[in-house]
Amino acid sequence: MSLLSPAVSSAIPVARPYIGAEEEQAVIDVLRSGWVTQGPRVAEFEAKFARYIGCDHAVAVSSCTTALHLGLLALGVGPGDEVICPSLSFIATANAIVYVGATPVFCDIDLATYNLDPARLEEAISPRTKAILVVHQIGLPAAMHEILAIAARHGLAVIEDAACAIGSEYEGSLIGAPLGALACFSFHPRKVLTTGEGGMITTRDAKVAERLRRLRQHAMSLSDVARHSATQITTETYDEIGFNFRMTDMQAAIGITQLERLPGFLAKRRSLAERYTSSLLHLPWLITPTVPSGRRHNYQSYMVRLVAGFEGKRDTIMQNLLQKNISTRRAIMAIHRELPYRSERWKSCLPQTELATDSGLILPLFHQLTDSEQDYIIESLQLAYS
Ligand SMILES: *Cc1c(COP(=O)(O)O)cnc(C)c1O
């Protein structure tokens, strides 16, 4: 018996993962293999992920949050350091900076792309700044060339929060063939590719990859696979404080299957996004997404923005859509408005962030969304405010 009432189960959600019989079989195979935690499937997922992205090293972890945490540690960010990041992001972006004892410094965004505004970066830099944590928000790549040039001028590391950006491209390369020191991905069900929970770090630097592999596994000098396949007795050492941030082989098995489906996921999302944009472009009270030349969006989310003066209508529009069984979400959050991050310091320096968070509206977009469902959403949206 379904737990959902018919009304709820027939509603169009904002997002829905696509998981099929292949994923089910892949998990069953792992369960029957007798090796369920990080093992051969994780190693295979890492190798395939690295090959797909076009990067030498990929290190699987338990989430993007733990990926960011380890990434910052591997870059030597610690107590007393400042890390610049956008406030217009999921709270985990800033939390990871706090986990390593550093302080997030919020920089405003470019309202056209919802990403860090390179023109506002330098004013956020202080003698304590150690790194810039760039977010490719909802899958649109940030202005990496401009940001990297500023980082190089000031001797700062650049780490990419690519939680939403699998399959997105910047000047012909996939995000994660890192332009910065390393890039961190999420496989949460709300993202384009899911393993239930999970994350991946890509880097060009073999030493960094090696350190990340140790840190995710209690800083143990030998991996479980190495210990189990050894023909001599082995003794591992623990030379620093590590973590248990491992991915399981069950998750990796799902990830391997999802990676095969990814080109199809991306094509479908892009085609749905184009249908939205061409139909909504002419609505005078709404702004459709902008994709600067040289960048390719994966449309992890499709977010529109209400024009100035219409922000106050957002809840009415959302309520009207919900009455028609269409779920929507308010825009990306602004981290500086949440209790742990509230400060006088952010009072007037993040105007574009505040505008974006107050006026954005995320529309349903997922692999199984049909053209007729999308037409219904578009018509309902056109009528939701008139
Ligand atoms: C989802 C998300 C995260 C967190 O990812 P998890 O895998 O759930 O830890 C971090 N940053 C951004 C920008 C995200 O969208």
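Read the numbers this way: they start at 1 and go in the same order the structure lists the ligands and their atoms. Below, each value reflects all heavy atoms present in this structure, side chains not excepted, and no hydrogens, waters or symmetry copies.
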### Task
Compare Leu88, Thr65, Thr93 and give the one whose heavy atom is closest to atom 9 (O) of ligand 1.
Thr65
### Task
Count the heavy atoms belonging to other residues, nucleotides or ligands that lie under 6.0 Å from NZ of Lys313, then report whether that count exceeds 12.
no
### Task
State whether Arg270 and Glu274 are salt-bridged, where the test is any N-O pair (Lys NZ or Arg NE/NH1/NH2 against Asp/Glu carboxylate O) under 4.0 Å.
no
### Residues Ser126 and Glu82: side-chain donor-acceptor under 3.5 angstrom
yes
#### Entry: ligand 1 atoms in contact with Val135 (distance to a heavy atom under 4.0 Å)
13 (C)
#### Entry: Which residue and heavy atom of the protein sit nearest atom 7 (O) of ligand 1, plus the separation
Ser186 OG, 2.7 Å
#### Entry: Mode of Cys64 contact toward ligand 1 - side chain, backbone, both, neither (heavy atoms, under 4.0 Å)
both
### Task
Please identify which atoms of ligand 1 are closer than 4.0 Å to at least one heavy atom of Ser89.
13 (C)
### Task
Apply the side chain to side chain contact (heavy atoms under 4.5 Å, CB included) test between Glu46 and each candidate in Arg213, Arg51, His57; give the one that qualifies.
Arg213
### Query
Nearest to atom 11 (N) of ligand 1, what protein heavy atom do you find, and at what distance?
Asp161 OD2, 2.8 Å
### Phe90 neighbourhood, listing ligand 1 atoms whose heavy-atom distance to it stays under 4.0 Å
2 (C), 3 (C), 4 (C), 12 (C), 14 (C)
### Query
Going by distance only, is there an N or O of His188 that falls short of 3.5 Å from an N or O of ligand 1?
no
### Message
Taking 4.0 angstrom as the limit and counting only heavy atoms of Ser63, give me the atoms of ligand 1 inside it, by number and element.
### Response
7 (O), 9 (O)
### Query
How about Gln217 and Arg246: does a side-chain donor come under 3.5 Å of a side-chain acceptor?
yes
### Query
At what distance is the nearest protein heavy atom to atom 14 (C) of ligand 1, and which residue and atom is it?
Lys191 NZ, 3.0 Å
### Query
Do the ring centers of Phe187 and Phe49 come within less than 6.0 Å of each other?
yes
### Task
Give a yes/no on ligand 1: does Cys164 have at least one heavy atom closer than 4.0 angstrom to it?
yes
#### Entry: Distance-only side-chain donor-acceptor flag, Arg269 / Gln300, under 3.5 Å
no
#### Entry: Glu260-Thr257 side chain donor-acceptor pair, cut-off 3.5 Å
no
